[in-house]
Structure formats: C-alpha cells, structure tokens
Amino acid sequence: MRLGRLKRTGLRYINAIRFVPQEHRLPLSDYLNLTLKLPDVFPGEFKNLDLAFVSIVKGGTITTRIGRMEAEDGSGDAILLDFDFAIEGDLDVKDIPVYLDESHASAKAFFESVLSEGYFRYVKGEAI
C-alpha cells in the first residue's frame with residue numbers, strides 16, 4: 001500500500017529559557033514580548049504560569065504553550081516556549097517538503113516575535 005494523502009503535517013518548536021527566580025516571580029517581561037490582559041484585580045506578576053492556546057493563522061493553526069518548568073534535579077527553572085504549527089486538510093505526500101518549509105517559517109516567525117531585547121542581551125551573556 002502506498003501512502004498518497006495526509007490529513008495533517010506540522011512542525012513543533014520547543015525552547016526553554018533558563019532563569020534564576022528573583023523574589024519567587026516568573027520574569028516573563030525580562031525575556032518575552034508578551035502581555036496578558038487581565039482584569040485589574042489580578043496583579044501583573046506571576047509566580048507560575050501554564051498557558052496553552054490554539055490560534056488560526058495563515059496556512060494553518062499554531063498551538064502555543066508558555067509556562068514555567070522546574071528542573072527535576074533542582075538545578076534551576078526555565079520558561080517553556082512550545083510552538084506547534086500544523087497544516088490540515090487533504091494534503092499530498094509529495095508536497096511534504098513544502099509543508100515543512102511553511103511550518104518551519106511560521107514557527108520561527110512566532111518564536112522570534114515573542115522574544116524581547118532582554119532575551120537577546122541574555123543570550124549574549126549581558127546582564128538583564
């Protein structure tokens with residue numbers, strides 16, 4: 001039997017940004033261009049976060065997960081960025097390279113757009 005059609009292709013992009021907690025807060029704004037609009041009764045600082053949503057975007061959908069990870073060995077904490085871009089429909093197997101290129105470009109664009117200048121200073125070894 002030959003596989004000729006697909007229902008879904010996708011590409012998942014996961015990154016963990018290590019950080020040292022200060023005053024038990026999750027330093028999202030130090031690394032990410034991310035604002036959560038909540039009612040005024042909620043403070044703007046988080047100790048923990050576990051957020052997942054699916055967005056309809058050009059060419060498919062992107063499932064986004066953002067949260068706090070704690071190392072099992074106690075060596076540190078990290079902010080989890082998990083992007084899963086998917087193209088769904090009646091897809092032709094011979095076009096898999098095209099689908100993966102589209103998925104990679106979209107996931108990369110989402111990842112790069114969420115990173116702040118603070119993240120780039122951190123990667124370069126500069127203090128935040």
Side-chain angles (χ1 to χ4, degrees):
M1 177 176 133
R2 292 190 65 202
L3 184 63
R5 308 302 297 170
L6 300 171
K7 297 289 183 193
R8 181 184 191 276
T9 66
L11 184 127
R12 192 165 183 192
Y13 191 89
I14 300 172
N15 195 301
I17 302 170
R18 302 277 306 227
F19 70 93
V20 176
Q22 296 176 354
E23 300 174 9
H24 302 287
R25 74 175 186 90
L26 181 60
L28 289 177
S29 61
D30 290 348
Y31 303 97
L32 306 179
N33 293 321
L34 178 69
T35 304
L36 298 176
K37 178 71 174 141
L38 298 171
D40 292 338
V41 296
F42 291 98
E45 297 290 329
F46 298 98
K47 180 178 180 176
N48 202 355
L49 180 73
D50 188 9
L51 178 66
F53 53 92
V54 179
S55 303
I56 299 169
V57 295
K58 182 180 178 187
T61 60
I62 189 158
T63 301
T64 303
R65 290 179 183 85
I66 301 171
R68 179 183 188 145
M69 298 172 49
E70 296 180 26
E72 291 179 8
D73 65 0
S75 64
D77 297 332
I79 298 169
L80 170 70
L81 295 176
D82 182 345
F83 300 105
D84 185 1
F85 184 84
I87 299 171
E88 298 177 352
D90 184 26
L91 308 173
D92 195 324
V93 170
K94 68 177 173 52
D95 292 328
I96 287 176
V98 173
Y99 303 142
L100 291 179
D101 285 346
E102 290 173 11
S103 297
H104 181 263
S106 294
K108 181 179 178 183
F110 274 84
F111 175 68
E112 290 176 348
S113 72
V114 80
L115 299 175
S116 72
E117 288 300 316
Y119 171 82
F120 292 107
R121 286 193 306 273
Y122 165 74
V123 169
K124 291 177 185 177
E126 300 172 8
I128 290 184

Q: Report yes or no: does S113 contribute a side-chain atom to a donor-acceptor pair with the main-chain N or O of F110 at less than 3.5 Å?
A: yes
Q. So which heavy atom on L11 is nearest to which on L100, and how close?
A. CD1-O, 4.4 Å
Q) In Å and rounded to the nearest 0.5 Å, what is the OH to NZ distance from Y99 to K94? A) 7.5 Å
(Q) Using the rule that Ile, Leu, Val, Met, Phe, Trp and Tyr join whenever any side-chain heavy atoms are under 4.5 Å apart, tell me whether I87 and V54 fall into a single cluster. (A) no
Q | T63 side chain reached by F53 side chain, heavy atoms, under 4.5 Å | A | no
Q. Do any N or O atoms from the side chain of R68 and from the backbone of K47 form a donor-acceptor pair under 3.5 angstrom?
A. yes
Q | Nearest-0.5 Å distance, OG of residue S103 to NZ of residue K108 | A | 14.5 Å
Q) Got D82 and T64 here, is their nearest side-chain heavy-atom distance under 4.5 Å? A) no
Q | Closest heavy-atom pair and its distance - Y31, F19 | A | OH-CB, 3.6 Å
Q) Which value, rounded to the nearest 0.5 Å, describes the distance between L28 atom CG and F46 atom CZ? A) 7.0 Å
Q: Answer yes or no: is there a donor N or O on one side and an acceptor on the other, between the side chain of S116 and the main chain of G118, under 3.5 Å?
A: yes
(Q) Would a single hydrophobic cluster contain both L34 and V57, if residues Ile, Leu, Val, Met, Phe, Trp and Tyr are joined by side-chain heavy-atom contacts under 4.5 Å? (A) yes
Q) Under a 4.5 Å cut-off applied to non-hydrogen side-chain atoms, are L80 and I14 in contact? A) yes
Q: Might you confirm whether atom CD1 of I56 has over 12 heavy atoms from other residues, nucleotides or ligands at distances under 6.0 Å?
A: no
Q) Of the non-hydrogen atoms in T9 and L6, which two are nearest, and what is the gap between them? A) CG2-CD1, 3.5 Å
Q.
Between N15 and L81 (side chain of the first, backbone of the second, donor and acceptor by atom type, cut-off under 3.5 Å), is there such a pair?
A. no
Q) Quick check: does any side chain N or O of Y122 sit under 3.5 Å from a backbone N or O of R18, one acting as donor and the other as acceptor? A) yes
Q | Evaluation steps, salt bridge (charged side-chain N to carboxylate O under 4.0 Å, His left out), between R25 and D30 | A | CA-CA 11 Å; R25 74 175 186 90; D30 290 348; 3.4 Å; yes
Q. Is a donor on one side and an acceptor on the other found under 3.5 Å between the side chain of R65 and the backbone of A52?
A. no
Q | Nearest heavy-atom neighbours spanning V93 and R5 | A | CG2-N, 3.8 Å
Q.
Starting from V114, can I reach Y13 by hopping between I/L/V/M/F/W/Y residues whose side chains sit under 4.5 Å apart?
A. yes
Q) Can you tell me how far the CZ atom of F111 sits from the OG atom of S106, to the nearest 0.5 Å? A) 15.0 Å
**Q.** Heavy-atom side-chain proximity of I17 to L32 below 4.5 angstrom
**A.** yes
Q) From I79 CD1 over to M69 CE, what is the distance, rounded to the nearest 0.5 angstrom? A) 11.0 Å
(Q) Within the structure provided, determine whether E70 and D77 are in side-chain contact (heavy-atom separation under 4.5 Å). (A) yes
Q.
Between D84 and R8, is the salt bridge (charged side-chain N to carboxylate O under 4.0 Å, His left out) condition met? List the steps.
A. CA-CA 12 Å; D84 185 1; R8 181 184 191 276; 3.6 Å; yes
